[in-house]
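Report on the structure given below.
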Amino acid sequence: MTSKKSFLVNIKTNARRRVWLIVLTFLGFFFSMPVLTALVLSTEKMYMADYRQIFIWGRFSHDPSD
């Protein structure tokens with residue numbers, strides 16, 4: 001059976017050995033944010049183009065009632 005003190009020492013040792021994984025995960029999330037932001041902004045740009053078309057022409061170009 002593992003004592004409480006040994007358990008905490010094992011957790012600290014494992015964390016020190018795997019610090020690279022924590023850093024790598026953090027960097028992955030950190031650098032993925034600009035990519036996700038660019039994707040969202042490009043999608044919004046497409047939607048704004050559709051709304052501009054509705055405003056100018058008064059309807060969608062793919063309106064099924066035509």
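Side chains are part of it too, since the values below use all heavy atoms of this structure and drop only hydrogens, waters and symmetry mates.
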From N10 atom CG to S3 atom OG, the distance as rounded to the nearest 0.5 Å = 9.0 Å
With rounding to the nearest 0.5 Å, note down the distance linking CG in L24 to CG in L21.
-> 6.5 Å
How far does CG of L27 sit from CH2 of W20, to the nearest 0.5 angstrom?
-> 12.5 Å
When rounded to the nearest 0.5 Å, the distance separating CG of L41 from OG1 of T37 is 6.5 Å
Got I22 and F26 here, is their nearest side-chain heavy-atom distance under 4.5 Å?
-> no
Between atom CZ of F29 and atom CG of L36, what is the distance when rounded to the nearest 0.5 Å?
-> 10.0 Å
Between atom CZ of R18 and atom OG1 of T13, what is the distance when rounded to the nearest 0.5 Å?
-> 10.0 Å
